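As structure tokens, the structure follows; a few thoughts come after it.
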Amino acid sequence: MAGSSSQETIMTHSVIHPQVLIIKPPPAFTYFESNFTQKFDILKAWESPLPLDQFLTTHAQSVQAILCRALTPVNADLLQLLPALKIVVSVSTGANHVDKAECRRRGIAVTNARNAYSEDVADIAVGLFIDVHRKISAADSYVRRGLWSSKGDYPLGSKIGGKRVGIVGLGSIGYNVAKRLEAFGCKISYNSRSERPSLSYPFHSDVCELAANTDALIICCALTDQTRHMINKEVLSALGREGVKVNVGRGAVIDEKELVKCLVNREIRGAGLDVFENDPHVPKELVEMDNVVLSPHKAVFTLESFKRGSEVAIANLEAFFSNKPLVTPVMDE
Ligand SMILES: O=CC(=O)O
């Protein structure tokens, strides 16, 4: 008996979990870390005293899987240091931080969080939209700075109900924004990679035409070669002086320099921005404007979203290590 129990102990201790590299922990990782460590041997690059390239060189021959987040680029330089890599599991929905062309060339699979965060991101889009029109953040600052008593009533905002809202990217996030804003009495139309005939919202294949026919644009699409700087000077001009722009997609979908110029010259009414062209760097002009609401790329930041995101990541890693089909592979764009 004694022999078999010590054999059991040895067996328990000798279970070898598949290795997963993490360079920087994803947000809220500590909440879900044990879910990962029960199944995988997590290589924590951020805890190593070695410089990253030395750390990676040490593990180069064994690392087949990497778990990453939006702010950790998995670019060609990093991929070169990982010759045995077979899968990149991103806990983000957007996969623009992964060099997908290089992954494709090397036969490395890429997965993302797909729709895990859509509802929470849609909530923030709606929050920014309301905030810009009703000046909630600016009014909060007005009260805190003691201006209410010295300067009197705060300037008027603009009504939400009846606004014509153009959604750019009617995927899962965009659709959730549309449903929410319909309930506020807004009129929805959209631009997307393709029309969704099952929905009754008017579709505009041309984003400029969408802008010309709406009071606000809400950017919900992914950053791809096709969408980079899609919201340019022409689109912003079409949106017009009373127009508002909200972005919960990726900063570089908008030509940020043009956006700043339009805001400075009051060529559009305002903007609500959760993402920036060079996250986490925010143009200083924007910081000074009270018709702009700024948010630090946090639309997905709820415990519930990160729980769901970590479940999707674990499901993809398990599928990969047991040779099953991946749960949320990123399709070629
Ligand atoms: O921006 C966050 C994400 O893409 O998940």
Side-chain angles (χ1 to χ4, degrees), residues 22-29 31-32 36 66-75 87-100 103 109-129 167-177 192-193 217-228 230-231 245-254 256 271-282 293-317 326-333:
I22 305 183
I23 293 189
K24 280 198 191 131
F29 183 63
Y31 288 94
F32 311 111
F36 284 92
I66 182 170
L67 182 83
C68 66
R69 59 177 291 206
L71 292 181
T72 314
V74 178
N75 52 26
I87 185 166
V88 177
V89 174
S90 172
V91 294
S92 303
T93 297
N96 54 291
H97 57 297
V98 179
D99 185 337
K100 292 194 285 303
C103 286
V110 180
T111 67
N112 68 355
R114 189 77 55 88
N115 299 338
Y117 312 128
S118 302
E119 292 180 357
D120 286 329
V121 175
D123 290 346
I124 288 289
V126 171
L128 291 170
F129 175 80
I167 297 187
V168 180
L170 201 70
S172 168
I173 296 172
Y175 179 64
N176 274 287
V177 173
S192 222
R193 245 182 302 210
L217 284 184
I218 303 192
I219 316 301
C220 302
C221 63
L223 177 63
T224 64
D225 289 346
Q226 289 71 42
T227 63
R228 185 177 297 277
M230 175 171 69
I231 308 298
K245 208 197 52 54
V246 169
N247 193 359
V248 290
R250 283 289 182 268
V253 173
I254 300 168
E256 199 171 70
L273 306 169
D274 184 53
V275 285
F276 303 87
E277 198 153 349
N278 296 306
D279 277 358
H281 303 289
V282 177
V293 181
L294 303 171
S295 166
H297 199 151
K298 65 170 279 296
V300 305
F301 276 51
T302 68
L303 197 57
E304 293 83 353
S305 265
F306 284 130
K307 180 167 184 293
R308 182 75 198 110
S310 67
E311 286 164 0
V312 174
I314 288 173
N316 276 306
L317 287 166
L326 298 172
V327 183
T328 55
V330 172
M331 304 298 173
D332 282 349
E333 279 139 7

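All figures in this text were calculated on a predicted structure; none of them were measured in a lab. Hydrogens, waters and symmetry mates are skipped; everything else that's a heavy atom, side chains included, is used. Both ligands and their constituent atoms are indexed starting at 1 by order of listing.
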Quiz prompt | Pair D120-T302, side-chain donor/acceptor within less than 3.5 Å | solution = yes
Quiz item: Partners of V312 by side-chain contact (heavy atoms from CB on, under 4.5 Å), sequence neighbours excluded?
Solution: A116, R308, N316, T328
Exercise. Measure the distance from atom 2 (C) of ligand 1 to every protein heavy atom, then report the residue, atom name and distance (to 0.1 Å) of the closest one.
Key: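 So the nearest neighbour among protein heavy atoms is H297 NE2, 3.5 Å.
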Practice problem: Find all atoms of ligand 1 within a distance of less than 4.0 Å from any non-hydrogen atom belonging to Y117, and give their numbers and elements. | Solution: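 Those atoms are 5 (O).
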Exercise. Give the atoms of ligand 1, by number and element, whose distance to some non-hydrogen atom of G94 is under 4.0 Å.
Key: 3 (C), 4 (O)
Self-check item: Geometric N/O contact A70 with ligand 1, under 3.5 angstrom
Solution: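 Min N/O separation from ligand 1 is not below 3.5 Å for A70.
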Quiz item: Is there at least one pair of N or O atoms, one from T93 and one from ligand 1, spaced under 3.5 Å apart?
Solution: yes
Quiz prompt | Full working for ring pair (Phe, Tyr, Trp, His ring centres under 6.0 Å) between F306 and F301 | solution = CA-CA 7 Å; F306 284 130; F301 276 51; 5.2 Å; yes
Quiz item: Does ligand 1 have any atom sitting under 4.0 Å from a heavy atom of R250?
Solution: yes
Quiz item: For the atom pair CD1 (I231) and CD (E256), what is the distance rounded to the nearest 0.5 Å?
Solution: 13.5 Å
Quiz prompt | Atom pair CD (E119) and OG (S172), whose distance is rounded to the nearest 0.5 Å | solution = 7.5 Å
